[in-house]
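Worksheet: the structure to be examined is printed underneath.
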Amino acid sequence: MIKDIWKQPAKGFTEETIGRTEEQIVQKEIGIGFKFPALYKEHMKLQNGGHLWKSALNYNGEVNELLCNDATFDPIINHNGYKTLKDVLLEYMDKEELENSSDTDFLYLDRLPILSYMNGHTILCFDYGYNVESEYETPEIVYFELECAQNGYEERLRLKSYDELINNLVYYGYESTSYYIGIKSNESIDKISELIDKSLDLQLEIKTDDYYGWYNFEKWYYGELKLNANLLAYLKLTPNQFLSNTFLFQNDKEFNYVIDIDIRSGVESFQDNSNYLKSIIMKKFQPFLSNVDWIFLEIPFHKENKIELERVMQTFQD
């Protein structure tokens with residue numbers, strides 16, 4: 001079974017966001033003149049583009065944010081819009097300038113269908129062989145810099161396939177700092193909230209807003225837990241299923257509640273050393289977790305950062 005990579009829309013699927021049919025995907029393939037990778041097609045059958053849970057790239061010993069600043073995988077569309085990198089470049093480069101932009105004998109920019117338009121300054125494309133004579137049957141993935149490139153576009157990163165891209169994506173970065181715990185229980189969310197309050201000596205506050213569009217619940221709970229004199233955890237207790245019947249974690253539907261834990265010191269969040277912070281969470285939450293059926297649904301990728309680790313450990317010594 002193909003694992004769902006998407007953050008499902010809280011308000012539910014629309015005609016634009018619902019997964020594409022095989023016929024719709026084939027129509028797009030005809031439009032660009034290439035066949036998509038099998039895994040990509042399966043992903044687009046689940047949802048027509050959007051945000052991914054795992055948006056950073058762990059590759060060649062380095063982990064860096066890739067799909068940041070609200071970047072998504074683009075939807076498959078059958079109307080106006082950029083189809084290839086060439087379409088984007090022609091917005092600010094004339095045709096002759098574009099044709100002379102490469103030092104190689106081969107330049108086929110229409111062999112670069114867009115996977116993610118990103119922020120317009122960088123772009124992620126399928127590459128069916130834009131700088132070789134014969135086109136590729138199976139595309140590679142190329143990350144281009146546009147804004148600072150001397151010739152209008154500059155290749156910064158290349159992966160062998162879409163599958164390699166997906167397999168190397170991790171949950172990490174500025175927008176991926178929360179630890180998510182799934183709770184499986186027949187109790188109401190009010191009872192779960194009461195159990196957290198009692199176990200952790202808290203008073204969670206009931207909320208009914210949509211949390212900037214990311215939530216769609218009748219109600220959810222919020223609180224702040226002091227881990228020590230300097231370290232604070234922001235807690236959000238929510239159902240897993242939205243009122244629209246989409247899910248926060250659709251791959252773990254059996255866990256009907258989710259606790260979002262974001263550890264902070266002042267206004268700063270900790271992005272690295274997640275294994276160390278995980279141990280702090282488990283110790284602090286043990287009085288509650290020992291009474292429920294639970295798992296970690298998502299944990300930030302562990303990137304060891306000795307300087308930041310010393311700073312975190314110092315908060316327990318002050």
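Quick caveat, the model's predicted, so the values are computed rather than measured. Along the sequence shown, residues are numbered consecutively beginning with 1.
- Using a distance-only test at 3.5 Å, with no hydrogens or angles considered, no donor-acceptor pair links the side chain of T17 to the main chain of F13.
- When side chains are defined from C-beta on, Y221 does not count as touching E205, because their heavy atoms never get closer than 4.5 Å.
- Distance CD1/I166 to NZ/K3: 11.5 Å, rounded to 0.5 Å.
- Counting only distance, with no hydrogens or angles, the side chain of D197 and the backbone of L204 share a donor-acceptor pair below 3.5 Å.
- Using modelled atom types and a 3.5 Å distance limit, the side chains of Y174 and N69 yield no donor-acceptor pair.
- Taking every heavy atom of both residues into account, C68 and E175 meet most closely at CA-OE1, 3.9 Å.
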Steps toward side-chain contact (heavy atoms from CB on, under 4.5 Å) verdict (L232, L227): CA-CA 6 Å; L232 189 67; L227 301 179; over 6 Å; no
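- What you find for G152 and M93 is that their closest heavy atoms are CA-SD, 3.8 Å.
- Of all heavy-atom pairs between M118 and A71, the closest is CA-CB, 3.9 Å.
- Judged by a 6.0 Å distance limit and a 45° cone about the ring axis, K184 is positioned over the six-membered ring of F255.
- Between K35 and V26, the closest side-chain pair of non-hydrogen atoms is not below 4.5 Å.
- For Q241 (side chain) and N256 (main-chain N/O), no donor-acceptor pair under 3.5 Å exists by modelled atom type.
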Trace of the side-chain contact (heavy atoms from CB on, under 4.5 Å) decision for L297 with V258: CA-CA 8 Å; L297 297 173; V258 175; 3.9 Å; yes
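- The side-chain heavy atoms of L67 and L52, taken from C-beta on, include a pair separated by under 4.5 Å.
- Checked by atom type and distance alone, the side chain of T246 pairs as donor or acceptor with a backbone atom of P9 at under 3.5 Å.
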From CA spacing to verdict: salt bridge (charged side-chain N to carboxylate O under 4.0 Å, His left out), E22, K41: CA-CA 8 Å; E22 180 69 28; K41 293 170 68 171; 3.4 Å; yes
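- In plain terms, the two heavy atoms of N48 and I76 that are nearest each other are OD1-N, 2.7 Å.
- Y136 has its ring centre no less than 6.0 Å from the ring centre of Y128.
- Taking the side chain as every heavy atom from C-beta outward, L124 and I114 never approach each other to under 4.5 Å.
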Residues K95, E97; criterion salt bridge (charged side-chain N to carboxylate O under 4.0 Å, His left out); working and verdict: CA-CA 5 Å; K95 187 175 180 181; E97 182 184 12; over 6 Å; no
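- For the pair D190 (side chain) and S193 (backbone), a donor-acceptor distance under 3.5 Å is absent.
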W53 vs F249, ring pair (Phe, Tyr, Trp, His ring centres under 6.0 Å): CA-CA, chis, key distance, verdict: CA-CA 9 Å; W53 270 106; F249 286 91; 4.5 Å; yes
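- Two residues are said to be in side-chain contact when any heavy atoms from C-beta on lie closer than 4.5 Å; S116 and I123 fail this criterion.
- Counting heavy atoms of neighbouring residues, nucleotides and ligands inside a 6.0 Å radius, atom CD of E96 does not exceed 12 of them.
- Aromatic pair Y180/F296: centroids not less than 6.0 angstrom apart.
- A single hydrophobic cluster is not seen to contain both I30 and L112; linkage of ILVMFWY side chains at heavy-atom distances under 4.5 Å, directly or through other members, places them apart.
- Hydrophobic clustering (ILVMFWY, side-chain heavy atoms < 4.5 Å, transitive): I2 and L165 are in one cluster.
- Of the inter-residue distances, the one linking E194 atom CD with S199 atom OG reads 11.5 Å to the nearest 0.5 angstrom.
- Partners of D94 according to the side-chain hydrogen bond (donor to acceptor under 3.5 Å, both in side chains) rule, which considers only residues two or more places apart in sequence or in another chain, do not exist here.
- A side-chain N or O of Y222 and one of E224 form a donor-acceptor pair less than 3.5 Å apart.
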Trace of the salt bridge (charged side-chain N to carboxylate O under 4.0 Å, His left out) decision for K160 with E140: CA-CA 5 Å; K160 295 178 182 178; E140 297 184 351; over 6 Å; no
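- Ring geometry for W220 versus Y215: interplanar angle over 60°, hence perpendicular rather than tilted (30 to 60°).
- The backbone N or O of E145 sits nowhere less than 3.5 Å from a side-chain atom of R156 that would complete a donor-acceptor pair.
- Ring orientation note: the planes of Y117 and Y82 are close to parallel, at an angle under 30° on the 30°/60° scale.
- Separation of the H43 and Y162 ring centroids falls under the 6.0 Å cut-off.
- Note: F126 and F36 have tilted aromatic rings, judged against thresholds of 30 and 60 degrees for the angle between ring planes.
- Under a hydrophobic-cluster definition in which Ile, Leu, Val, Met, Phe, Trp and Tyr are linked whenever side-chain heavy atoms come within less than 4.5 Å, directly or via other members, I280 and I299 are assigned to the same cluster.
- The main-chain N or O of I141 is never found under 3.5 Å from a side-chain atom of D127 such that the two would form a donor-acceptor pair.
- Checking side-chain atoms of R111 against main-chain N and O of V132 turns up a donor-acceptor pair under 3.5 Å.
- From L39, atom CG reaches atom CD of E164 across 12.5 Å, with rounding to the nearest 0.5 Å.
- Separation of atoms NZ (K283) and CD (Q286) is listed at 11.0 Å; rounding is to 0.5 Å.
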Check against side-chain hydrogen bond (donor to acceptor under 3.5 Å, both in side chains), D70 and H51: CA-CA 8 Å; D70 211 35; H51 294 93; 2.7 Å; yes
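- Residues E155 and V142 come closest through the heavy atom pair CG-CG1, 3.3 Å.
- Cluster membership for I18 and F247, using ILVMFWY side-chain heavy atoms within less than 4.5 angstrom, is not shared.
- Looking at heavy atoms from C-beta onward, K306 lies in side-chain contact with E304 at the 4.5 angstrom threshold.
- Closest approach of K83 and G31 over heavy atoms only: NZ-O, 4.0 Å.
- Going from atom CG of N291 over to atom CD1 of I183 covers 10.5 Å, rounded to the nearest 0.5 Å.
- D110 and T84 share no donor-acceptor pair across their side chains, judged by distance under 3.5 Å alone.
- Rounded to the nearest 0.5 Å, atoms CZ (F242) and CG (D210) are 10.5 Å apart.
- Linking ILVMFWY side-chain heavy atoms closer than 4.5 Å, directly or via other members, places I196 and W294 in a single hydrophobic cluster.
- Scored by the salt bridge (Lys or Arg N to Asp or Glu O under 4.0 Å) test, D260 finds K236 as partners (sequence neighbours excluded).
- With hydrogens and angles left out, the side-chain atoms of Y59 and N64 include no donor and acceptor closer than 3.5 Å.
- With hydrogens and angles disregarded, a donor-acceptor distance shorter than 3.5 Å links the side chain of N251 to the backbone of D4.
- For the pair I259/Y257, no side-chain contact is recorded, criterion being any heavy-atom separation below 4.5 Å from C-beta on.
- Between the side chain of E310 and the backbone N or O of I307 there is no donor-acceptor pair closer than 3.5 Å.
- Checked against Y172 for a side-chain hydrogen bond (donor to acceptor under 3.5 Å, both in side chains), the options N58, D272, T177 give a single hit: D272.
- Between L146 and H121, the closest side-chain pair of non-hydrogen atoms is not below 4.5 Å.
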